[in-house]
Amino acid sequence: MSQASPVIETQGLTRSFRNSDAVSQLNISVQKDSVYAFLGPNGAGKTTTIRMLLNIITPSSGVAQVLSRNSRHLRSTDFQRIGYVSENQKLPLWMTVSQFMNYLQPLYPTWNTSFATKLLNDFDLPMDRTLKHLSRGMRMKAALVGSLAFQPELLVLDEPFSGLDPLVREEFLDGIIELTSQESWSIFISSHDIDEVERISDHVGLINEGRLLLSESVETLLASYRKVSLTTAEPEDDIDNLPASWIMPRQKGRLLSFTETHYDESEFESQARQRFPKLQNLTVESLSLKEIYLVIARNLKNEPSRLR
């Protein structure tokens with residue numbers, strides 16, 4: 001059986017503004033039925049990437065395939081298969097929630113009225129209130145319902161948690177988690193709130209200053225990175241020649257700490273003892289996705305040649 005085509009695939013995708021690359025040589029692949037988190041700080045190039053994927057802006061070079069079509073040639077029928085929610089999304093604020101849903105329904109042949117009603121009820125959206133008089137969080141919920149009710153093949157979320165208070169953010173996230181547990185959704189979500197998306201993502205791409213740092217499954221990434229602390233009988237004289245996968249070394253007397261980026265439980269301790277014959281204590285700790293991102297970003301800034 002042949003593998004399904006990726007819902008998103010880019011090759012060398014680049015966008016320049018005034019001779020500066022907002023996104024540079026981006027290569028990512030988002031598989032069908034996956035939740036891909038596109039993570040990075042504000043200004044990293046996440047929104048520019050999404051705008052290229054959806055043909056809102058044109059790439060300076062490179063190619064993006066979205067639902068097996070070149071993004072530059074996306075048609076109205078393609079957008080009927082793509083849901084999109086952005087922190088900067090323009091909504092018809094004069095409409096009530098009910099009018100907004102009635103406006104959207106005829107635009108999408110696959111609109112599921114019963115599903116839309118369920119979502120509206122789950123999010124406690126007041127049907128008779130205008131979007132203008134809803135809180136930012138409630139407007140984001142209305143936009144999400146409008147993007148989900150036609151059950152798109154691909155859902156694109158651009159910083160959906162930005163500016164939401166903690167309770168609304170939690171409700172918004174719980175709604176996405178419930179949907180992904182019940183249906184097959186392909187989701188591409190950009191965010192700088194790494195802690196939030198770690199709960200729903202199975203793949204992750206880390207971007208900084210327009211450049212992709214890595215793109216891997218969350219499972220592989222969490223298994224590969226470890227925080228290591230060790231104590232030797234005497235201070236180590238040379239920590240400049242550590243294995244390439246041991247990054248961000250810090251030494252304080254006999255204590256040495258670093259991050260292992262290719263951790264193998266069956267081999268690591270023997271490797272450490274071989275490198276440090278006077279090893280006394282060894283501690284290995286797992287890292288969260290946010291901690292991994294910070295390690296990678298700092299290492300790239302300090303020692304680009306040592307990045308994975």
Side-chain angles (χ1 to χ4, degrees), residues 2-17 21-40 44-92 100-101 103-112 115-116 140 142-160 176 179-180 183-191 197 201 203-205 207 210 212 215:
S2 60
Q3 186 176 4
S5 299
V7 292
I8 295 174
E9 188 169 32
T10 70
Q11 296 179 339
L13 193 65
T14 300
R15 175 67 194 204
S16 301
F17 297 98
D21 288 345
V23 176
S24 179
Q25 296 295 317
L26 182 70
N27 298 312
I28 60 173
S29 180
V30 180
Q31 300 303 311
K32 182 177 173 59
D33 298 336
S34 70
V35 180
Y36 188 103
F38 194 49
L39 307 178
K46 303 186 300 297
T47 294
T48 299
T49 297
I50 287 177
R51 288 176 176 172
M52 287 190 284
L53 295 177
L54 299 181
N55 200 24
I56 297 172
I57 61 174
T58 303
S60 301
S61 61
V63 177
Q65 297 283 336
V66 179
L67 298 179
S68 300
R69 190 183 299 278
N70 189 309
S71 64
R72 301 185 190 207
H73 304 141
L74 289 172
R75 305 170 182 173
S76 59
T77 52
D78 297 312
F79 288 110
Q80 291 174 342
R81 303 160 60 199
I82 302 171
Y84 172 54
V85 178
S86 168
E87 64 171 327
N88 299 314
Q89 195 160 357
K90 302 294 185 181
L91 298 176
F100 183 47
M101 296 300 134
Y103 166 75
L104 292 174
Q105 182 173 352
L107 300 177
Y108 299 98
T110 57
W111 186 274
N112 186 324
F115 184 43
M140 290 293 288
L144 182 62
V145 172
S147 294
L148 291 176
F150 60 96
Q151 298 177 301
E153 296 178 39
L154 172 63
L155 177 63
V156 179
L157 303 173
D158 186 13
E159 295 285 1
I176 297 175
L179 288 170
T180 55
E183 304 282 347
S184 294
W185 297 89
S186 300
I187 300 178
F188 184 82
I189 178 170
S190 81
S191 181
V197 297
S201 307
H203 286 75
V204 62
I207 187 172
L212 190 70
S215 181

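These figures come from a predicted structure and were not determined experimentally.
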Item to complete: State whether the side chain of T49 and the backbone N or O of G45 hold a donor-acceptor pair below 3.5 Å, judged by distance alone.
Response: yes
Practice prompt. List the steps, then state whether side chain to side chain contact (heavy atoms under 4.5 Å, CB included) holds for T47 with R51.
Written response: CA-CA 6 Å; T47 294; R51 288 176 176 172; 3.5 Å; yes
Worksheet, complete the sentence: Taking every heavy atom of F100 against every heavy atom of A142, the minimum-distance pair comes out as CE2-O, 3.8 Å
Fill in: Check: N27/T10 side-chain N/O donor and acceptor closer than 3.5 Å
no
Worksheet item: Does the side chain to side chain contact (heavy atoms under 4.5 Å, CB included) test come out yes or no for V7 and Q31, once each step is laid out?
Response: CA-CA 6 Å; V7 292; Q31 300 303 311; over 6 Å; no
Worksheet item: Got S191 and E159 here, is their nearest side-chain heavy-atom distance under 4.5 Å?
Response: yes
Worksheet entry | Worked check of side chain to side chain contact (heavy atoms under 4.5 Å, CB included) between Y36 and I8 | CA-CA 10 Å; Y36 188 103; I8 295 174; over 6 Å; no
Item to complete: Could you tell me whether the side chains of D158 and S190 share a donor-acceptor contact shorter than 3.5 Å?
Response: yes
Worksheet item: Judged by atom type as modelled, is there a donor-acceptor pair below 3.5 Å linking the side chain of N112 to the main-chain atoms of F115?
Response: yes
Worksheet item: If you measure from CG on L53 to CD on E9, what distance do you get to the nearest 0.5 Å?
Response: 12.0 Å
Worksheet, complete the sentence: In terms of heavy-atom contacts, P160 and I189 come closest through CG-CD1, 3.8 Å
Response to the item:
Heavy-atom nearest pair, F79 first then L54, reads CZ-O, 3.3 Å
Worksheet item: Between the side chain of R72 and the main-chain N/O of N55, is any donor-acceptor distance below 3.5 Å?
Response: no
Worksheet item: At what distance, to the nearest 0.5 angstrom, does OG of S61 lie from CZ of R15?
Response: 10.5 Å
Fill in: Intermediate values then yes/no, side chain to side chain contact (heavy atoms under 4.5 Å, CB included), L155 and S147
CA-CA 8 Å; L155 177 63; S147 294; 4.2 Å; yes
Fill in: Shortest non-hydrogen contact between D21 and S24, atoms and distance
OD2-OG, 3.6 Å
Worksheet, complete the sentence: Interatomic distance, CH2@W111 vs CG@L104, rounded to 0.5 Å, equals 5.0 Å
Worksheet item: With a 4.5 Å limit on heavy-atom distance, are the side chains of P6 and V30 in contact?
Response: no
Discussion item. Test your reading of the model: is there a side-chain donor-acceptor pair from Q89 to the backbone of Y84, 3.5 Å cut-off?
Written reply: yes
Fill in: Atom pair CE (M52) and CG (L13), whose distance is rounded to the nearest 0.5 Å
4.0 Å
Worksheet item: Is it true that atom OH of Y103 has more than 12 heavy atoms of other residues, nucleotides or ligands lying nearer than 6.0 Å?
Response: no
Fill in: Test item: T110 side-chain N/O and Y108 main-chain N/O as donor-acceptor pair under 3.5 Å
no
Item to complete: Output the distance between atom CD (Q11) and atom CD1 (I28), rounded to the nearest 0.5 Å.
Response: 11.5 Å
Discussion item. Please check: side-chain N/O of K46 versus main-chain N/O of G40, any donor-acceptor pairing under 3.5 Å?
Written reply: yes
Worksheet item: Is the shortest side-chain N to carboxylate O distance from D78 to R75 below 4.0 Å?
Response: no
Worksheet item: Of the non-hydrogen atoms in L212 and S215, which two are nearest, and what is the gap between them?
Response: CD2-CB, 4.0 Å
Worksheet item: How long is the gap from CZ on F188 to CG on L157, to the nearest 0.5 Å?
Response: 10.5 Å
